[in-house]
Amino acid sequence: MPLAVLALAVGAFGIGTTEFVMMGLLPDVAGDLHVSIPAAGHLVSAYALGVVIGAPLLAAVTARLPRRHVLIGLMALFVVGNALTALAPGYHWLLAARLLSGLPHGAFFGVGAVVATAMVPPERKARSVSLMVLGLTLANVVGVPAATLMGQHLGWRATFLAVSAIGVAAIASLAVLVPHDRGHAPAAGLRRELAALRSLPVWLALLTTVAGFGALFSAYSYITPMLTGSAGYAEAGVTLLLALFGVGATVGNLLGGGLADRSTRGTLFGGLIALAVVLALFPLMMRTEWSAALAVALLGTAAFATGSPLQLMVMEKASTAPSLASAANQAAFNLANAGGAWIGGLALAAGLGVTSPALAGAALAVLGLAVAGTAQRVDLRRAGAGAVRGRERVVASHMPAAARPGVPPRSSGTADLREETVGAEGGPGGPGPGPGTA
């Protein structure tokens with residue numbers, strides 16, 4: 001793998017840290033700004049909203065710019081957003097800064113995935129994407145716990161200044177390691193980029209992302225009450241289990257990347273089936289501490305095994321606009337975050353039990369399987385129609401001109417004889433394939 005993928009992983013590490021660390025710092029932020037915990041929770045939503053807005057918008061606006069410059073510019077915006085978060089004088093300023101911090105998230109992963117896949121052979125594309133996303137999963141193992149600990153001892157503002165420093169390191173890495181000649185986007189205008197999103201296979205791939213990762217966040221958003229209310233863990237032990245989820249996610253991400261290079265769709269189906277099974281077993285596995293810990297790790301593994309194949313599939317379906325489609329997939333991921341948490345909350349509010357969000361997630365995983373199956377049928381139908389049209393063109397090319405639809409009959413004579421001779425012998429000079437053979 002080229003070292004440029006390492007630079008992308010550094011940026012992904014910073015982005016993953018700033019996205020998830022706010023969840024662990026909500027009590028500190030709420031106490032410092034004198035707001036309620038639910039109000040502080042809006043800071044998480046503001047970041048997600050920034051991702052949804054910024055992912056397609058920034059990817060489309062920067063479509064004609066050199067991708068290396070785009071990546072550096074996006075990380076510069078990331079640094080500014082996190083620095084403003086650390087320096088925000090009040091709650092509403094902090095909301096605006098979190099929104100700004102989220103804007104470059106999706107576009108960075110979208111453009112980064114295109115750059116990562118452009119630098120490797122086709123049989124290693126999924127693995128290159130998984131290594132870039134490795135920075136995001138490692139953020140859950142190392143970055144978020146360390147940043148949370150820093151925030152609890154030095155103040156939450158110090159955390160976001162440290163995240164800004166990670167962004168600066170990512171900018172330096174991108175400037176040194178991403179080559180100029182591999183970082184330029186094709187001259188596709190905004191209209192062509194947007195036209196690619198009108199494709200049904202692209203939307204089916206995006207809907208698979210929403211359903212599949214909605215399944216994850218339906219359960220993961222309420223993992224703490226499951227662990228404390230059902231498995232019997234103390235709140236102090238939850239942090240270690242969340243790091244265990246990050247370990248599982250890292251393993252699943254690497255496993256999915258390696259398998260997707262062999263079979264993209266097979267890896268996607270396998271990951272979604274595994275996710276549905278793990279979530280369906282959550283009520284049983286949450287009865288003891290050891291099985292609950294295993295369930296948390298398996299949840300991360302199954303969910304993130306689908307990440308690379310989904311990203312690669314979206315890019316392939318929108319081959320004329322891979323940056324925009326890849327960024328839109330990140331927006332879909334954050335819609336899954338919000339929608340999955342909402343659906344899991346509905347299950348809890350209905351009084352179905354503390355583990356009911358996991359069962360709701362299992363239903364979403366099955367829905368994701370159904371959408372992925374529909375996408376496969378659409379692909380097969382289109383491939384079959386394309387093959388029929390190809391055969392029709394071959395047959396038409398071997399027909400005499402007078403018999404071709406829309407071609408006026410020609411007078412008989414030497415011209416017809418010459419055409420038949422060319423079609424039969426491949427042209428003057430001896431036998432060879434006819435013009436329609438190729």
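What you are looking at is a predicted structure, and each value in this text was computed from that prediction instead of being measured.
- The main-chain N or O of F160 is found under 3.5 Å from a side-chain atom of S164 such that the two form a donor-acceptor pair.
- Here the shortest heavy-atom pairing between V120 and S128 reads CG2-OG, 3.8 Å.
- A pairwise comparison of heavy atoms in Q330 and V51 identifies O-CG1, 4.1 Å as the closest pair.
- Using a 4.5 Å heavy-atom cutoff, the side chains of L87 and R157 are not in contact.
- At distances below 3.5 Å, not a single donor-acceptor pair connects side-chain atoms of D28 with backbone N or O atoms of W156.
- Judged by distance alone, with hydrogens and angles left aside, the side-chain atoms of R262 form no donor-acceptor pair with the main-chain N or O of T267 at under 3.5 Å.
- Closest of all the heavy-atom pairs between G112 and L8 is O-CD1, 3.5 Å.
- Side-chain atoms of S218 do not come within 3.5 Å of backbone N or O of A360 as any donor-acceptor pair.
- Side chains of R127 and S130 form a contact here, defined as non-hydrogen atoms less than 4.5 Å apart.
- Using modelled atom types, one side-chain atom of Y233 and one backbone atom of E289 make a donor-acceptor pair closer than 3.5 Å.
- Counting heavy atoms from C-beta on, the side chains of T306 and F213 come closer than 4.5 Å.
- A distance-only check finds a donor-acceptor pair linking the side chain of S101 to the backbone of G81 [under 3.5 Å].
- Looking at every heavy atom in both residues, A331 comes nearest to P56 through CB-CD, 4.4 Å.
- Here the shortest heavy-atom pairing between K125 and D261 reads N-OD1, 3.3 Å.
- When side chains are defined from C-beta on, T301 does not count as touching V247, because their heavy atoms never get closer than 4.5 Å.
- Legend: ring pair (Phe, Tyr, Trp, His ring centres under 6.0 Å) pairs involving residues 241-280, not counting sequence neighbours, sorted by first then second residue: Y220-F245.
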Table please: side-chain donor-acceptor pairs of residues 9-22 below 3.5 Å, with sequence neighbours left out.
{"unit_1": "T17", "atom_1": "OG1", "unit_2": "F13", "atom_2": "O", "d": "2.8"}
{"unit_1": "T18", "atom_1": "OG1", "unit_2": "N82", "atom_2": "OD1", "d": "2.6"}
{"unit_1": "T18", "atom_1": "OG1", "unit_2": "R98", "atom_2": "NH1", "d": "3.4"}

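- In this structure the side chain of L206 reaches within 4.5 angstrom of the side chain of V202, judged on heavy atoms.
- Considering only heavy atoms from C-beta on, M313 comes within 4.5 Å of L268 through its side chain.
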Practice task
List the steps and the verdict of side chain to side chain contact (heavy atoms under 4.5 Å, CB included) for V79 and I166.
Solution key: CA-CA 8 Å; V79 170; I166 296 174; over 6 Å; no
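- Identified under the ring pair (Phe, Tyr, Trp, His ring centres under 6.0 Å) test for residues 105-136, with sequence neighbours left out: Y47-H105, H105-F109.
- For the side chain to side chain donor-acceptor pair (under 3.5 Å) condition, no pair includes a residue of residues 335-358, sequence neighbours left out.
- The distance from atom CG of L71 to atom OG of S173, rounded to the nearest 0.5 Å, is 12.0 Å.
- One distance of note links OG1 of T85 with CG of L43; it measures 9.0 Å at 0.5 Å rounding.
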Handout entry: Worked check of side chain to side chain contact (heavy atoms under 4.5 Å, CB included) between L58 and L77
Key = CA-CA 11 Å; L58 292 179; L77 181 59; 4.2 Å; yes
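- Counting only residues at least two apart or in different chains, salt bridge (charged side-chain N to carboxylate O under 4.0 Å, His left out) contacts with residues 263-281 comprise R265-D379.
- When all heavy atoms of A107 and A59 are compared, the pair lying nearest together is CB-N, 4.1 Å.
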Practice task
Could you check T208 against L272 for side chain to side chain contact (heavy atoms under 4.5 Å, CB included), going step by step and ending with a plain yes or no?
Solution key: CA-CA 10 Å; T208 306; L272 288 173; 4.1 Å; yes
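- With hydrogens and angles disregarded, no donor-acceptor distance shorter than 3.5 Å links the side chain of N253 to the backbone of F304.
- Formation of a donor-acceptor pair under 3.5 Å by the R67 side chain with backbone atoms of V114 is not found in this model.
- Within the 3.5 Å criterion, the main-chain N or O of P357 finds no donor-acceptor partner in the side chain of Y222.
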Exercise for the section: Give the intermediate values and the outcome of side chain to side chain contact (heavy atoms under 4.5 Å, CB included) for residues V129 and V133. Expected result: CA-CA 6 Å; V129 173; V133 179; 4.3 Å; yes
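- A donor-acceptor contact shorter than 3.5 Å is absent between the side chain of S230 and the backbone of L227.
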Would you mind writing out the side-chain donor-acceptor pairs for residues 273-284 within the sub-3.5 Å range, not counting sequence neighbours?
none

